[in-house]
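Just the heavy atoms: all of them, side chains too, but no hydrogens, waters or symmetry mates, feed the values below. Atoms within each ligand, like the ligands themselves, are counted from 1 in listed order.
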Amino acid sequence: MSNVLIIGAGGVGRVVVHKCAQNSSTFQKITLASRTLSKCKLYQQEVKNRYNIDIDIHKVNADDVDDLVSLINEVKPDIVLNIALPYQDLTIMEACLKTGVHYLDTANYEHPDSAKFEYKEQWAYHNRYKEKGIMALLGSGFDPGVTNVFCAYAQKHYFDEIHTIDILDCNGGDHGYPFATNFNPEINLREVSANGRYWENGKWIETKPMEIKMVWDYPQIGPKDSYLLYHEEMESLVKHIKGLKRIRFFMTFSQSYLTHMKCLENVGMLGIKEIEHNGCKIIPIQFLQTLLPDPSTLGERTKGKTNIGIVATGTKDGEEKTIYIYNVCDHQETYKETLSQAVSYTTGVPAMIGAKMIVEKKWQACGVYNMEQFDPDPFMEALNKQGLPWFVEQL
Ligand code: NDP
(Lines give C-alpha, C1' and ligand atoms only; values in the text may rest on other atoms or scores of the structure.)
Protein backbone atom coordinates (compact mmCIF):
# COMPACT_ATOMS: atom_id res chain seq x y z
CA MET A 1 0.00 0.00 0.00
CA SER A 2 2.65 2.51 -0.91
CA ASN A 3 3.69 5.19 -3.30
CA VAL A 4 7.22 4.87 -4.71
CA LEU A 5 9.30 7.41 -6.63
CA ILE A 6 12.12 5.89 -8.71
CA ILE A 7 14.80 8.31 -9.94
CA GLY A 8 16.97 7.14 -12.87
CA ALA A 9 15.71 5.44 -16.05
CA GLY A 10 18.88 3.54 -16.99
CA GLY A 11 19.69 -0.18 -17.14
CA VAL A 12 19.02 -0.78 -13.43
CA GLY A 13 16.05 1.63 -13.32
CA ARG A 14 14.27 -0.49 -15.93
CA VAL A 15 14.49 -3.59 -13.70
CA VAL A 16 13.32 -1.64 -10.64
CA VAL A 17 10.28 -0.36 -12.52
CA HIS A 18 9.40 -3.87 -13.79
CA LYS A 19 9.85 -5.47 -10.36
CA CYS A 20 7.83 -2.78 -8.56
CA ALA A 21 5.05 -3.32 -11.13
CA GLN A 22 5.24 -7.09 -10.52
CA ASN A 23 4.76 -6.30 -6.81
CA SER A 24 1.84 -3.94 -7.28
CA SER A 25 0.14 -5.11 -4.09
CA THR A 26 3.06 -3.46 -2.23
CA PHE A 27 3.78 -0.58 -4.63
CA GLN A 28 0.35 0.69 -5.53
CA LYS A 29 1.55 3.89 -7.14
CA ILE A 30 4.79 4.03 -9.14
CA THR A 31 6.45 7.16 -10.52
CA LEU A 32 9.62 7.12 -12.64
CA ALA A 33 11.62 10.34 -13.04
CA SER A 34 14.88 10.87 -14.88
CA ARG A 35 16.96 13.30 -16.94
CA THR A 36 15.76 11.97 -20.33
CA LEU A 37 11.98 11.68 -20.52
CA SER A 38 12.03 9.44 -23.61
CA LYS A 39 13.62 6.60 -21.58
CA CYS A 40 10.92 7.00 -18.91
CA LYS A 41 8.28 6.80 -21.67
CA LEU A 42 9.81 3.60 -23.04
CA TYR A 43 9.72 1.90 -19.64
CA GLN A 44 6.23 3.28 -18.94
CA GLN A 45 5.01 1.60 -22.15
CA GLU A 46 6.76 -1.69 -21.32
CA VAL A 47 5.07 -1.82 -17.92
CA LYS A 48 1.68 -1.05 -19.47
CA ASN A 49 2.15 -3.79 -22.12
CA ARG A 50 3.43 -6.46 -19.73
CA TYR A 51 1.44 -5.88 -16.56
CA ASN A 52 -1.34 -3.50 -17.63
CA ILE A 53 -0.15 -1.05 -14.98
CA ASP A 54 -0.07 2.72 -15.45
CA ILE A 55 2.93 4.52 -14.01
CA ASP A 56 3.56 8.27 -13.91
CA ILE A 57 6.70 9.76 -15.42
CA HIS A 58 8.54 13.07 -14.91
CA LYS A 59 11.67 14.83 -16.04
CA VAL A 60 13.98 15.79 -13.16
CA ASN A 61 17.47 17.15 -12.68
CA ALA A 62 18.68 15.09 -9.73
CA ASP A 63 21.71 17.35 -9.27
CA ASP A 64 19.33 20.12 -8.20
CA VAL A 65 17.87 19.84 -4.68
CA ASP A 66 15.08 22.37 -5.39
CA ASP A 67 13.96 20.48 -8.49
CA LEU A 68 13.91 17.24 -6.48
CA VAL A 69 12.00 18.84 -3.59
CA SER A 70 9.27 20.15 -5.90
CA LEU A 71 8.98 16.73 -7.58
CA ILE A 72 8.73 14.97 -4.20
CA ASN A 73 6.13 17.50 -3.00
CA GLU A 74 4.09 16.85 -6.12
CA VAL A 75 4.36 13.02 -6.11
CA LYS A 76 4.20 12.64 -2.28
CA PRO A 77 6.00 9.25 -2.24
CA ASP A 78 6.55 7.11 0.85
CA ILE A 79 10.05 6.33 -0.40
CA VAL A 80 12.49 7.61 -3.04
CA LEU A 81 14.69 5.02 -4.80
CA ASN A 82 17.88 6.61 -6.12
CA ILE A 83 18.72 4.53 -9.19
CA ALA A 84 20.56 7.39 -10.93
CA LEU A 85 24.32 7.68 -10.41
CA PRO A 86 26.44 7.88 -7.23
CA TYR A 87 27.01 11.59 -8.03
CA GLN A 88 23.36 12.27 -7.13
CA ASP A 89 23.36 10.51 -3.72
CA LEU A 90 23.81 13.65 -1.62
CA THR A 91 21.33 15.86 -3.50
CA ILE A 92 18.65 13.17 -3.34
CA MET A 93 19.39 12.46 0.35
CA GLU A 94 19.11 16.19 1.04
CA ALA A 95 15.78 16.44 -0.80
CA CYS A 96 14.42 13.43 1.14
CA LEU A 97 15.50 15.06 4.38
CA LYS A 98 13.78 18.34 3.48
CA THR A 99 10.55 16.54 2.59
CA GLY A 100 10.60 13.82 5.29
CA VAL A 101 10.64 10.82 2.91
CA HIS A 102 12.59 7.52 3.20
CA TYR A 103 15.64 7.15 0.90
CA LEU A 104 17.34 4.14 -0.73
CA ASP A 105 20.29 3.81 -3.13
CA THR A 106 22.51 1.12 -4.68
CA ALA A 107 25.94 2.78 -4.75
CA ASN A 108 27.76 5.09 -2.39
CA TYR A 109 28.50 8.74 -2.99
CA GLU A 110 31.29 9.62 -5.36
CA HIS A 111 32.37 13.12 -6.32
CA PRO A 112 32.64 13.53 -10.12
CA ASP A 113 36.11 15.10 -9.78
CA SER A 114 37.74 12.37 -7.66
CA ALA A 115 37.41 8.65 -8.37
CA LYS A 116 37.14 7.77 -4.69
CA PHE A 117 34.09 6.52 -2.90
CA GLU A 118 33.37 6.38 0.80
CA TYR A 119 30.37 6.46 3.11
CA LYS A 120 31.56 9.37 5.25
CA GLU A 121 29.33 12.03 3.71
CA GLN A 122 26.25 9.81 3.66
CA TRP A 123 26.75 8.52 7.22
CA ALA A 124 26.99 12.17 8.29
CA TYR A 125 23.21 12.41 7.67
CA HIS A 126 22.45 9.84 10.40
CA ASN A 127 21.37 12.20 13.19
CA ARG A 128 19.38 14.47 10.90
CA TYR A 129 17.49 11.49 9.43
CA LYS A 130 16.90 10.16 12.94
CA GLU A 131 15.50 13.47 14.17
CA LYS A 132 13.27 13.69 11.13
CA GLY A 133 11.96 10.14 11.77
CA ILE A 134 13.01 8.79 8.36
CA MET A 135 15.37 6.09 7.12
CA ALA A 136 18.09 5.95 4.49
CA LEU A 137 19.06 2.46 3.33
CA LEU A 138 22.45 2.56 1.62
CA GLY A 139 23.71 0.15 -1.02
CA SER A 140 20.63 -1.98 -1.73
CA GLY A 141 21.93 -3.58 -4.94
CA PHE A 142 23.78 -6.90 -5.21
CA ASP A 143 27.28 -5.83 -4.27
CA PRO A 144 26.89 -3.75 -2.19
CA GLY A 145 23.54 -5.05 -1.03
CA VAL A 146 22.87 -8.76 -1.16
CA THR A 147 26.52 -9.47 -0.32
CA ASN A 148 26.06 -7.49 2.94
CA VAL A 149 22.87 -9.45 3.68
CA PHE A 150 24.69 -12.76 2.96
CA CYS A 151 27.30 -11.73 5.56
CA ALA A 152 24.59 -10.90 8.11
CA TYR A 153 22.89 -14.23 7.36
CA ALA A 154 26.15 -16.16 7.81
CA GLN A 155 26.74 -14.31 11.06
CA LYS A 156 23.21 -15.02 12.35
CA HIS A 157 22.88 -18.69 11.36
CA TYR A 158 26.33 -20.22 10.89
CA PHE A 159 28.96 -18.56 13.10
CA ASP A 160 29.68 -17.35 16.61
CA GLU A 161 32.47 -15.31 15.06
CA ILE A 162 33.40 -14.64 11.43
CA HIS A 163 37.15 -14.26 10.83
CA THR A 164 37.50 -13.79 7.08
CA ILE A 165 35.19 -12.84 4.23
CA ASP A 166 35.92 -12.98 0.50
CA ILE A 167 33.27 -11.43 -1.72
CA LEU A 168 33.39 -13.11 -5.14
CA ASP A 169 31.76 -11.49 -8.16
CA CYS A 170 31.76 -13.27 -11.52
CA ASN A 171 30.05 -12.17 -14.68
CA GLY A 172 30.38 -15.15 -17.01
CA GLY A 173 28.17 -13.47 -19.64
CA ASP A 174 29.14 -12.59 -23.21
CA HIS A 175 27.48 -9.72 -25.09
CA GLY A 176 29.45 -10.26 -28.28
CA TYR A 177 31.01 -6.77 -28.37
CA PRO A 178 34.82 -6.45 -28.22
CA PHE A 179 34.44 -4.10 -25.23
CA ALA A 180 31.43 -2.89 -23.21
CA THR A 181 30.58 -2.48 -19.53
CA ASN A 182 27.54 -4.03 -17.89
CA PHE A 183 26.58 -0.98 -15.90
CA ASN A 184 27.21 2.72 -16.33
CA PRO A 185 30.61 2.81 -18.18
CA GLU A 186 31.93 5.90 -16.40
CA ILE A 187 31.20 4.57 -12.91
CA ASN A 188 32.36 1.06 -13.82
CA LEU A 189 35.70 2.08 -15.36
CA ARG A 190 36.48 4.51 -12.54
CA GLU A 191 35.95 1.65 -10.09
CA VAL A 192 37.97 -1.06 -11.81
CA SER A 193 40.92 1.09 -12.92
CA ALA A 194 41.51 2.40 -9.38
CA ASN A 195 44.02 0.92 -6.91
CA GLY A 196 42.86 -2.20 -5.09
CA ARG A 197 42.42 -2.25 -1.31
CA TYR A 198 41.57 -4.85 1.33
CA TRP A 199 41.33 -4.86 5.11
CA GLU A 200 43.41 -7.04 7.42
CA ASN A 201 43.96 -6.89 11.18
CA GLY A 202 42.41 -3.46 11.50
CA LYS A 203 44.27 -1.83 8.58
CA TRP A 204 43.56 -1.06 4.94
CA ILE A 205 46.21 -2.42 2.58
CA GLU A 206 46.49 -0.80 -0.84
CA THR A 207 47.49 -2.72 -4.00
CA LYS A 208 48.11 -1.67 -7.59
CA PRO A 209 45.14 -2.21 -9.94
CA MET A 210 44.76 -5.95 -10.71
CA GLU A 211 47.93 -6.74 -8.70
CA ILE A 212 46.37 -9.66 -6.80
CA LYS A 213 44.78 -12.44 -8.82
CA MET A 214 43.34 -15.84 -7.94
CA VAL A 215 41.36 -18.45 -9.82
CA TRP A 216 37.98 -19.38 -8.30
CA ASP A 217 35.75 -22.18 -9.55
CA TYR A 218 32.32 -20.52 -9.70
CA PRO A 219 29.41 -23.01 -9.49
CA GLN A 220 27.49 -23.28 -12.81
CA ILE A 221 30.20 -21.19 -14.56
CA GLY A 222 33.62 -22.76 -13.92
CA PRO A 223 37.10 -21.48 -13.02
CA LYS A 224 37.76 -17.79 -13.73
CA ASP A 225 40.59 -15.32 -13.13
CA SER A 226 39.43 -13.11 -10.25
CA TYR A 227 41.16 -9.84 -9.32
CA LEU A 228 41.24 -8.02 -6.02
CA LEU A 229 39.45 -4.64 -6.13
CA TYR A 230 38.35 -2.15 -3.53
CA HIS A 231 34.59 -2.31 -3.13
CA GLU A 232 32.43 -0.13 -0.96
CA GLU A 233 30.57 -2.75 1.12
CA MET A 234 33.84 -3.60 2.87
CA GLU A 235 33.81 -0.18 4.58
CA SER A 236 30.58 -0.90 6.43
CA LEU A 237 31.16 -4.65 6.94
CA VAL A 238 34.40 -4.06 8.86
CA LYS A 239 32.36 -1.98 11.31
CA HIS A 240 29.43 -4.35 11.69
CA ILE A 241 30.76 -7.94 11.51
CA LYS A 242 32.21 -8.77 14.90
CA GLY A 243 35.55 -10.55 15.17
CA LEU A 244 36.45 -9.93 11.51
CA LYS A 245 40.18 -10.20 10.77
CA ARG A 246 40.23 -9.86 6.99
CA ILE A 247 37.88 -8.91 4.16
CA ARG A 248 38.62 -8.86 0.43
CA PHE A 249 36.65 -8.38 -2.79
CA PHE A 250 37.37 -10.19 -6.08
CA MET A 251 35.84 -9.64 -9.50
CA THR A 252 36.38 -11.62 -12.71
CA PHE A 253 37.73 -9.99 -15.87
CA SER A 254 38.71 -11.59 -19.15
CA GLN A 255 42.19 -10.94 -20.54
CA SER A 256 40.57 -9.10 -23.47
CA TYR A 257 38.69 -6.73 -21.12
CA LEU A 258 41.87 -5.96 -19.19
CA THR A 259 43.87 -5.36 -22.38
CA HIS A 260 41.23 -2.96 -23.73
CA MET A 261 41.06 -1.14 -20.40
CA LYS A 262 44.83 -0.82 -20.11
CA CYS A 263 45.07 0.51 -23.64
CA LEU A 264 42.30 3.08 -23.05
CA GLU A 265 44.01 4.12 -19.82
CA ASN A 266 47.41 4.42 -21.51
CA VAL A 267 46.05 6.79 -24.15
CA GLY A 268 44.23 8.92 -21.56
CA MET A 269 40.65 7.88 -22.35
CA LEU A 270 39.87 7.08 -18.69
CA GLY A 271 40.77 10.63 -17.62
CA ILE A 272 38.20 12.37 -15.39
CA LYS A 273 39.56 15.92 -15.70
CA GLU A 274 38.26 18.32 -18.33
CA ILE A 275 40.46 18.83 -21.42
CA GLU A 276 40.20 21.12 -24.42
CA HIS A 277 39.55 19.48 -27.81
CA ASN A 278 39.16 21.64 -30.94
CA GLY A 279 37.82 24.50 -28.84
CA CYS A 280 35.37 22.24 -26.89
CA LYS A 281 35.77 21.18 -23.30
CA ILE A 282 35.43 17.42 -22.87
CA ILE A 283 36.01 14.86 -20.13
CA PRO A 284 37.71 11.86 -21.79
CA ILE A 285 35.87 9.15 -19.82
CA GLN A 286 32.51 10.79 -20.65
CA PHE A 287 33.42 10.90 -24.34
CA LEU A 288 34.34 7.20 -24.11
CA GLN A 289 30.92 6.51 -22.55
CA THR A 290 29.29 8.12 -25.61
CA LEU A 291 31.17 5.67 -27.84
CA LEU A 292 30.50 2.52 -25.80
CA PRO A 293 27.27 0.50 -25.96
CA ASP A 294 24.57 1.66 -23.52
CA PRO A 295 24.37 -1.11 -20.87
CA SER A 296 20.56 -0.99 -21.03
CA THR A 297 20.77 -2.25 -24.64
CA LEU A 298 22.93 -5.30 -23.86
CA GLY A 299 20.11 -7.49 -22.56
CA GLU A 300 19.00 -9.15 -25.77
CA ARG A 301 22.53 -10.14 -26.85
CA THR A 302 24.06 -11.21 -23.52
CA LYS A 303 24.33 -14.95 -22.91
CA GLY A 304 25.72 -16.80 -19.90
CA LYS A 305 25.44 -16.41 -16.15
CA THR A 306 26.54 -14.32 -13.22
CA ASN A 307 27.57 -15.80 -9.89
CA ILE A 308 28.03 -13.48 -6.91
CA GLY A 309 28.56 -14.61 -3.35
CA ILE A 310 30.59 -14.62 -0.18
CA VAL A 311 32.95 -17.15 1.39
CA ALA A 312 33.13 -16.73 5.15
CA THR A 313 35.38 -18.57 7.57
CA GLY A 314 35.11 -18.53 11.34
CA THR A 315 34.04 -20.57 14.33
CA LYS A 316 30.84 -22.09 15.68
CA ASP A 317 30.75 -23.83 19.06
CA GLY A 318 34.56 -23.89 19.02
CA GLU A 319 34.78 -25.57 15.56
CA GLU A 320 36.31 -23.90 12.50
CA LYS A 321 34.06 -23.75 9.45
CA THR A 322 33.79 -22.25 5.97
CA ILE A 323 30.50 -21.29 4.32
CA TYR A 324 29.87 -20.24 0.71
CA ILE A 325 26.60 -18.38 -0.03
CA TYR A 326 25.91 -17.41 -3.63
CA ASN A 327 23.35 -16.66 -6.31
CA VAL A 328 23.54 -17.66 -9.97
CA CYS A 329 21.62 -15.56 -12.46
CA ASP A 330 21.10 -16.26 -16.19
CA HIS A 331 21.29 -13.28 -18.59
CA GLN A 332 18.73 -14.70 -21.04
CA GLU A 333 16.25 -15.55 -18.28
CA THR A 334 16.42 -12.03 -16.84
CA TYR A 335 16.00 -10.61 -20.35
CA LYS A 336 12.84 -12.66 -20.82
CA GLU A 337 11.46 -11.40 -17.54
CA THR A 338 12.48 -7.72 -17.55
CA LEU A 339 14.15 -6.96 -20.94
CA SER A 340 17.46 -6.52 -19.04
CA GLN A 341 20.74 -8.36 -18.65
CA ALA A 342 21.65 -10.02 -15.36
CA VAL A 343 23.95 -7.26 -14.02
CA SER A 344 21.07 -4.76 -14.12
CA TYR A 345 18.69 -7.45 -12.82
CA THR A 346 20.85 -8.49 -9.87
CA THR A 347 21.04 -4.80 -8.87
CA GLY A 348 17.42 -3.81 -9.53
CA VAL A 349 15.74 -6.74 -7.76
CA PRO A 350 17.46 -6.04 -4.38
CA ALA A 351 16.65 -2.34 -4.75
CA MET A 352 12.96 -3.24 -5.01
CA ILE A 353 13.27 -5.72 -2.12
CA GLY A 354 14.98 -3.10 0.08
CA ALA A 355 12.08 -0.72 -0.60
CA LYS A 356 9.62 -3.54 0.16
CA MET A 357 11.35 -4.19 3.52
CA ILE A 358 10.92 -0.51 4.43
CA VAL A 359 7.36 0.13 3.27
CA GLU A 360 6.15 -3.19 4.72
CA LYS A 361 7.94 -2.20 7.97
CA LYS A 362 9.99 -5.43 8.07
CA TRP A 363 13.05 -3.21 8.38
CA GLN A 364 12.27 -0.25 10.58
CA ALA A 365 14.67 2.35 11.95
CA CYS A 366 15.31 6.09 11.81
CA GLY A 367 18.70 7.24 10.58
CA VAL A 368 21.18 6.08 7.92
CA TYR A 369 21.83 2.33 7.69
CA ASN A 370 23.73 -0.28 5.72
CA MET A 371 22.10 -3.55 4.77
CA GLU A 372 23.88 -5.83 7.25
CA GLN A 373 22.45 -3.86 10.18
CA PHE A 374 18.99 -5.43 9.73
CA ASP A 375 17.59 -8.93 10.22
CA PRO A 376 18.67 -10.77 7.03
CA ASP A 377 15.88 -13.40 7.15
CA PRO A 378 12.97 -11.51 5.50
CA PHE A 379 15.30 -10.16 2.80
CA MET A 380 16.75 -13.64 2.10
CA GLU A 381 13.21 -15.05 1.88
CA ALA A 382 12.25 -12.30 -0.58
CA LEU A 383 15.33 -13.03 -2.77
CA ASN A 384 14.06 -16.59 -3.26
CA LYS A 385 10.62 -15.34 -4.27
CA GLN A 386 11.72 -12.44 -6.46
CA GLY A 387 14.07 -14.18 -8.90
CA LEU A 388 17.41 -14.35 -7.05
CA PRO A 389 17.49 -17.74 -5.29
CA TRP A 390 20.61 -18.50 -3.27
CA PHE A 391 22.56 -21.55 -2.17
CA VAL A 392 24.59 -22.26 0.97
CA GLU A 393 27.48 -24.73 0.81
CA GLN A 394 29.78 -25.81 3.59
CA LEU A 395 33.29 -26.00 2.10
P1 NDP B 1 22.79 4.10 -16.30
O2 NDP B 1 23.81 5.06 -16.73
O3 NDP B 1 22.26 3.07 -17.26
O4 NDP B 1 21.51 4.87 -15.72
C5 NDP B 1 21.60 6.00 -14.91
C6 NDP B 1 20.33 6.80 -15.10
O7 NDP B 1 20.36 7.93 -14.23
C8 NDP B 1 20.17 7.31 -16.54
O9 NDP B 1 18.84 7.13 -16.96
C10 NDP B 1 20.50 8.78 -16.39
O11 NDP B 1 19.83 9.64 -17.30
C12 NDP B 1 20.00 9.07 -14.98
N13 NDP B 1 20.66 10.26 -14.49
C14 NDP B 1 21.99 10.52 -14.46
N15 NDP B 1 22.22 11.74 -13.97
C16 NDP B 1 21.00 12.27 -13.69
C17 NDP B 1 20.58 13.52 -13.18
N18 NDP B 1 21.44 14.46 -12.84
N19 NDP B 1 19.25 13.71 -13.05
C20 NDP B 1 18.35 12.77 -13.38
N21 NDP B 1 18.69 11.57 -13.86
C22 NDP B 1 20.01 11.33 -14.02
O23 NDP B 1 23.36 3.37 -15.01
P24 NDP B 1 22.94 1.94 -14.43
O25 NDP B 1 21.47 1.80 -14.50
O26 NDP B 1 23.82 0.92 -15.01
O27 NDP B 1 23.38 2.12 -12.90
C28 NDP B 1 22.52 2.81 -11.97
C29 NDP B 1 23.15 2.80 -10.59
O30 NDP B 1 23.30 1.45 -10.13
C31 NDP B 1 24.55 3.43 -10.54
O32 NDP B 1 24.63 4.22 -9.38
C33 NDP B 1 25.47 2.23 -10.40
O34 NDP B 1 26.66 2.55 -9.74
C35 NDP B 1 24.60 1.33 -9.55
N36 NDP B 1 24.98 -0.09 -9.60
C37 NDP B 1 25.03 -0.78 -8.42
C38 NDP B 1 25.36 -2.11 -8.40
C39 NDP B 1 25.29 -2.89 -7.14
O40 NDP B 1 25.35 -4.14 -7.18
N41 NDP B 1 25.15 -2.30 -5.97
C42 NDP B 1 25.75 -2.83 -9.63
C43 NDP B 1 25.56 -2.05 -10.84
C44 NDP B 1 25.22 -0.71 -10.81
P45 NDP B 1 20.14 9.64 -18.88
O46 NDP B 1 19.26 8.53 -19.40
O47 NDP B 1 19.76 10.98 -19.33
O48 NDP B 1 21.61 9.33 -19.04
Side-chain angles (χ1 to χ4, degrees), residues 5-18 32-43 57-68 71 80-92 95 104-110 112 115 117 122 137-150 167 169-171 180-192 229 231-234 236 249 251 285-286 289-290 292-299 306 308-309 327 329 338-354 370-371 388:
L5 169 60
I6 302 159
I7 298 180
V12 180
R14 178 187 237 154
V15 176
V16 177
V17 172
H18 276 252
L32 174 64
S34 196
R35 185 168 53 190
T36 309
L37 200 61
S38 57
K39 287 204 195 162
C40 300
K41 275 197 182 127
L42 175 70
Y43 300 167
I57 56 170
H58 287 266
K59 188 172 164 62
V60 72
N61 175 7
D63 292 317
D64 181 344
V65 175
D66 292 340
D67 202 21
L68 288 163
L71 175 67
V80 173
L81 310 192
N82 169 12
I83 316 293
L85 298 178
Y87 309 141
Q88 282 84 46
D89 286 7
L90 298 183
T91 46
I92 301 178
L104 175 150
D105 66 31
T106 67
N108 87 299
Y109 175 66
E110 213 181 315
F117 37 98
Q122 292 185 273
L137 184 61
L138 306 184
S140 190
F142 207 104
D143 46 340
V146 176
T147 49
N148 303 56
V149 176
F150 283 172
I167 300 165
D169 178 335
C170 170
N171 180 6
T181 63
N182 292 289
F183 68 95
N184 182 277
E186 184 180 339
I187 302 298
N188 182 257
L189 290 166
R190 282 163 65 118
E191 173 180 297
V192 302
L229 297 185
H231 224 244
E232 62 205 53
E233 61 265 52
M234 293 192 286
S236 67
F249 181 98
M251 190 179 272
I285 198 166
Q286 288 179 358
Q289 171 160 340
T290 307
L292 291 175
D294 177 344
S296 67
T297 64
L298 296 176
T306 62
I308 316 174
N327 161 263
C329 194
T338 60
L339 299 168
S340 307
Q341 36 88 0
V343 175
S344 300
Y345 187 88
T346 53
T347 310
V349 173
M352 180 282 291
I353 297 175
N370 294 87
M371 306 284 287
L388 294 175

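Among protein heavy atoms, atom 46 (O) of ligand 1 sits closest to Lys39 NZ, 2.9 Å. Closest protein heavy atom to atom 3 (O) of ligand 1: Gly11 N, 3.1 Å. Of all protein heavy atoms, the one closest to atom 12 (C) of ligand 1 is Ser34 OG, 3.6 Å. Of the protein's heavy atoms, Thr36 OG1, 2.4 Å lies nearest to atom 47 (O) of ligand 1.
Considering all non-hydrogen atoms of both residues, Cys329 and Ala342 come closest at SG-CB, 3.9 Å. Counting all heavy atoms, side chain and backbone alike, Arg14 lies closest to Ser340 at CD-OG, 3.3 Å. The shortest heavy-atom contact between Asn182 and Gln341 is O-NE2, 2.9 Å. Of all non-hydrogen atoms in Ala351 and Val16, the two that sit nearest each other are CB-CG2, 4.0 Å.
Close contacts of ligand 1 with Ala62, meaning ligand atoms under 4.0 Å from a residue heavy atom, involve 17 (C), 18 (N), 19 (N), 20 (C). Near Val60, meaning under 4.0 Å from any of its heavy atoms, are these atoms of ligand 1: 19 (N), 20 (C). Within ligand 1, counting atoms from 1 as listed, the ones closer than 4.0 Å to a heavy atom of Val12 are 24 (P), 25 (O), 26 (O), 27 (O), 28 (C), 30 (O). Each of the following atoms of ligand 1 lies closer than 4.0 Å to a heavy atom of Ile187: 34 (O).
A distance-only check finds no donor-acceptor pair linking the side chain of Glu191 to the backbone of Asn188 [under 3.5 Å]. In terms of modelled atom types and a separation under 3.5 Å, the side chain of Glu233 and the main chain of Asn148 share no donor-acceptor contact. Gln122 contributes no side-chain N or O that, together with a main-chain N or O of Asn108, makes up a donor-acceptor pair within less than 3.5 Å. Here the side chain of Arg190 pairs a donor or acceptor atom with the backbone of Pro112 at under 3.5 angstrom. The backbone N or O of Val15 sits nowhere less than 3.5 Å from a side-chain atom of Tyr43 that would complete a donor-acceptor pair. In terms of modelled atom types and a separation under 3.5 Å, the side chain of Thr91 and the main chain of Asp64 share no donor-acceptor contact.
The shortest N or O to N or O distance between Ile83 and ligand 1 is not under 3.5 Å. Checking only distances, Phe183 never comes within under 3.5 Å of ligand 1, N or O to N or O. Residue contacts with ligand 1: Phe142 is placed with a nitrogen or oxygen under 3.5 Å of a nitrogen or oxygen of the ligand (distance criterion only). On a distance-only criterion, Gly13 and ligand 1 share no N/O pair closer than 3.5 Å. For the pair Gln289 and ligand 1, the shortest N or O to N or O distance does not fall below 3.5 Å.
The residue among Ala107, Ala84, Gly10 with a heavy atom at the shortest distance from atom 29 (C) of ligand 1 is Ala84. Counting heavy atoms only, Thr106 comes closest to atom 35 (C) of ligand 1 of the residues Asn61, Asp105, Thr106, Leu85. Looking at Thr347, Ile308, Thr346, it is Thr347 that brings a heavy atom closest to atom 42 (C) of ligand 1.
With a 4.0 Å heavy-atom cut-off, ligand 1 is reached by the backbone of Arg35 and by its side chain too. Under 4.0 angstrom from ligand 1, the non-hydrogen atoms of Pro144 come from both its backbone and its side chain. The backbone and the side chain of Asn184 each have at least one atom closer than 4.0 Å to an atom of ligand 1 (non-hydrogen atoms only). Under 4.0 angstrom from ligand 1, the non-hydrogen atoms of Asp63 come from both its backbone and its side chain.
For Ser296, the closest heavy-atom approach to ligand 1 does not fall below 4.0 Å. Using a 4.0 Å cutoff on heavy atoms, Gly145 does not count as a contact of ligand 1. A heavy-atom separation below 4.0 Å is found between Ala9 and ligand 1.
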Would you sort out whether Cys40 and His58 count as a side-chain contact (heavy atoms from CB on, under 4.5 Å), showing the intermediate values?
CA-CA 8 Å; Cys40 300; His58 287 266; over 6 Å; no

With side-chain contact (heavy atoms from CB on, under 4.5 Å) as the criterion, how do Ile92 and Asp105 come out once you've worked through the C-alpha distance, each side chain's angles and the decisive distance to 0.1 Å?
CA-CA 10 Å; Ile92 301 178; Asp105 66 31; over 6 Å; no

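Taking the six-membered ring for Trp and thresholds of 30 and 60 degrees, Phe142 and Phe150 have ring planes more than 60 degrees apart, a perpendicular arrangement.
When each of Asn327, Asp169, Ile167 is paired with Thr147, the side-chain contact (heavy atoms from CB on, under 4.5 Å) condition holds for Ile167 and for no other.
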